[in-house]
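Report on one structure; see the data block that follows.
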Amino acid sequence: LNYGEPIFYEEVQDLYRYTLPEYPADKIPEGGKFINYYMPETDEVYYPGDVIVLDTGFDIELYGVCAMGTEVTFAYGENSFTETWFVGETSKMPDLPDDAVIPEGKVFLGWNDGSDVYAAGASYTFDGSVTEFTAEFGDPAVVYYSSSGVIDGVSETVYTTLADAANAIS
C-alpha cells in the first residue's frame, strides 16, 4: 500500500471475502452428517461455497451444525439390516436382500411400517416416528395382456409377476 494515496473498497474487497470450505469429514460425529455452518452473532446459516464478508474489527465464529441419523431396521424373516436415515429427508425404500427366503407361492410386496406398505424404490419422507419396517409378502398379481391391447378372453397371455408383464409390454 502506498500511504497518502486513497484506497478504494473495490481495490481491496477480495481481501475481506472468504469462501467457506467443505466441512472437514473428521469433525463429523460417527453416524452423523454435516448440515450447515451457523454464525450465532447474526443468527445466519451458511453452506460450503458461500462467500462471507469479513469485518477485520471483529472475530467471526462459525459453527458446523451436524445432525445425527437414526438407525432404521428392515426385518425379513429371521434376518434384518439397518440404514441410517435423517429426519426431514426423503429416502428410497430398499430392495429385498438376495438372501431373503420368499414364502412358497408369494411375492415381495414391500416394507410394512405397521399401517402402510411401501414398495422397494418408493420415496419415504422420514419423520422419525417409525424406525422398523417388516417385509410384506402376498399373492402374485395376475395381469392379463394381449398383443392387440384388448382382453378378449381368448388371446390373452397370463403373467404371474408384474416384472414379466412389464417386459412383455416394453
For the residue pair Phe86 and Ala67, what are the closest heavy atoms and their distance? CE2-O, 3.4 Å

For Glu41, does the CD atom sit with more than 12 other heavy atoms under 6.0 Å from it, leaving out its own atoms? yes

Are Tyr118 and Phe108 connected, step by step, through hydrophobic side chains (Ile, Leu, Val, Met, Phe, Trp, Tyr) whose heavy atoms are closer than 4.5 Å? yes

Listing, residues 70-77 side-chain donor-acceptor contacts under 3.5 Å, not counting sequence neighbours, or none:
{"unit_1": "Glu71", "atom_1": "OE1", "unit_2": "Thr82", "atom_2": "OG1", "d": "3.1"}
{"unit_1": "Glu71", "atom_1": "OE2", "unit_2": "Thr84", "atom_2": "OG1", "d": "2.8"}
{"unit_1": "Tyr76", "atom_1": "OH", "unit_2": "Asp99", "atom_2": "OD1", "d": "2.8"}
{"unit_1": "Tyr76", "atom_1": "OH", "unit_2": "Asp99", "atom_2": "OD2", "d": "3.3"}

Could you work out the complete set of other residues in the hydrophobic cluster of Tyr63, with links drawn between I, L, V, M, F, W and Y side chains under 4.5 Å apart? none

Which hydrophobic side chains are connected to Val101, either touching it within the sub-4.5 Å cutoff or through other members that do? none

Keeping to residues at least two apart or across chains, list the salt bridge (charged side-chain N to carboxylate O under 4.0 Å, His left out) pairs with something in residues 103-114. Lys106-Asp139

Tell me, do Pro94 and Glu83 make a side-chain contact under 4.5 Å, heavy atoms counted? yes

So CD1 of Ile52 and CG of Leu62: to nearest 0.5 Å the spacing works out to 5.0 Å

Quick one: which residue pairs count as a side-chain hydrogen bond (donor to acceptor under 3.5 Å, both in side chains) with a foot in residues 121-134, not counting sequence neighbours? Thr90-Thr125, Lys92-Ser123, Asp127-Ser129

Indicate if Val65 and Tyr23 have the same hydrophobic cluster label, given that clusters are the connected sets of ILVMFWY residues with side-chain heavy-atom separations under 4.5 angstrom. no

So, for Pro97 and Phe81, which heavy atoms are closest and what is the spacing to 0.1 Å? CG-CE2, 3.5 Å

Considering only distance and modelled atom types, tabulate donor-acceptor pairs under 3.5 Å from the side chains of residues 25-39, sequence neighbours left out.
{"unit_1": "Lys33", "atom_1": "NZ", "unit_2": "Glu89", "atom_2": "OE1", "d": "3.2"}
{"unit_1": "Lys33", "atom_1": "NZ", "unit_2": "Glu89", "atom_2": "OE2", "d": "2.3"}
{"unit_1": "Tyr37", "atom_1": "OH", "unit_2": "Pro21", "atom_2": "O", "d": "2.8"}
{"unit_1": "Tyr38", "atom_1": "OH", "unit_2": "Asp43", "atom_2": "OD1", "d": "2.6"}

Please report the C-alpha distance between Phe133 and Trp111 in whole Å, then the side-chain angles of each, then the deciding distance to 0.1 Å, and finally whether the ring pair (Phe, Tyr, Trp, His ring centres under 6.0 Å) criterion is met. CA-CA 6 Å; Phe133 293 86; Trp111 298 102; 7.6 Å; no

Show the nearest heavy-atom pair for residues Met93 and Ala119, with the distance to one decimal. CB-O, 3.3 Å

